[in-house]
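What follows is a single structure, written as structure tokens, with notes after it.
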Amino acid sequence: MSWSDIWLFLQQGLLSGLVTGSVYALLALAIVAIFKTTDVPNFAQGEMLMMAGYVALMLLLSDVPYAAVIFMTLIAMALVGALFQRVVMERVTGSRGVGVQLVIATLGLAYVLKGLVR
């Protein structure tokens, strides 16, 4: 193995580590931001991101321009979040729901979104 091959593997490993670490940091930042504002950990964040990706993919395959895809995906996911907040979270909170029940509601949303994508 030559030095150029070793240098190439070193660069690839370094960049791969930086990308993976950045993804973990963004996920942790998102979880902390939601938890600090609502006092409920949202375990459906990954599934909401997955759903946004699928919405964007469907729009892109429908020959919608990129700028419109970004705007329409943001609007669609904001509507999904608002609908979940109004329909589920307010009912759980209104029935004197404790933190565990709110966490279970977010886990339920995660399973629903996974089922919709399948």
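In what follows, residues are counted from 1 in the order of the sequence shown.
- Taking 4.5 Å as the limit, some side-chain heavy atom of Leu57 sits within range of a side-chain heavy atom of Leu61.
- Smallest separation of non-hydrogen atoms from Ala44 and Ala110: CB-N, 3.8 Å.
- What you find for Ala76 and Val55 is that their closest heavy atoms are CB-CG1, 4.3 Å.
- Residues Leu116 and Leu113 form a side-chain contact, since some pair of their non-hydrogen atoms from C-beta on lies under 4.5 Å apart.
- Around the CD atom of Gln12, the shell of radius 6.0 Å holds no more than 12 heavy atoms that belong to other residues, nucleotides or ligands.
- To the nearest 0.5 Å, the span separating CD1 on Ile104 from CZ on Phe43 amounts to 11.0 Å.
- Counting all heavy atoms, side chain and backbone alike, Phe84 lies closest to Ala105 at CZ-O, 3.5 Å.
- Hydrophobic cluster membership differs between Met50 and Leu59, with clusters built from Ile, Leu, Val, Met, Phe, Trp and Tyr side chains linked at under 4.5 angstrom.
- In the hydrophobic cluster analysis, where Ile, Leu, Val, Met, Phe, Trp and Tyr join through side-chain heavy atoms closer than 4.5 angstrom, Val112 is grouped together with Leu83.
- Between the side chain of Thr38 and the main chain of Val40, a donor-acceptor pair closer than 3.5 Å is present.
- When the side chains of ILVMFWY residues are joined at heavy-atom separations under 4.5 Å, either directly or via intervening members, Val88 and Val103 end up in a single hydrophobic cluster.
- Linking Ile, Leu, Val, Met, Phe, Trp and Tyr residues whenever their side-chain heavy atoms come within less than 4.5 Å leaves Leu60 and Phe71 in two separate clusters.
- Here the straight-line distance linking atom CG of Leu74 with atom CG of Leu79 works out to 11.0 Å at 0.5 Å rounding.
- Here CG of Leu109 is found 9.5 Å from CE of Met51. Values are rounded to the nearest 0.5 Å.
- In this structure, the side chain of Thr20 does not engage the main chain of Gly17 through any donor-acceptor pair within 3.5 Å.
- Ser2 OG to Leu8 CG: the interatomic distance, rounded to the nearest 0.5 Å, is 9.0 Å.
- The main-chain N or O of Met89 is found under 3.5 Å from a side-chain atom of Thr93 such that the two form a donor-acceptor pair.
- Put simply, Met48 and Val87 are part of the same group of oily side chains (I, L, V, M, F, W, Y) that touch within less than 4.5 Å, one to the next.
- Here the CG-CD1 distance, from Leu10 to Ile6, works out to 9.5 Å after rounding to the nearest 0.5 Å.
- Atom OG1 of Thr106 is separated from atom CD of Gln45 by 9.0 Å, given to the nearest 0.5 angstrom.
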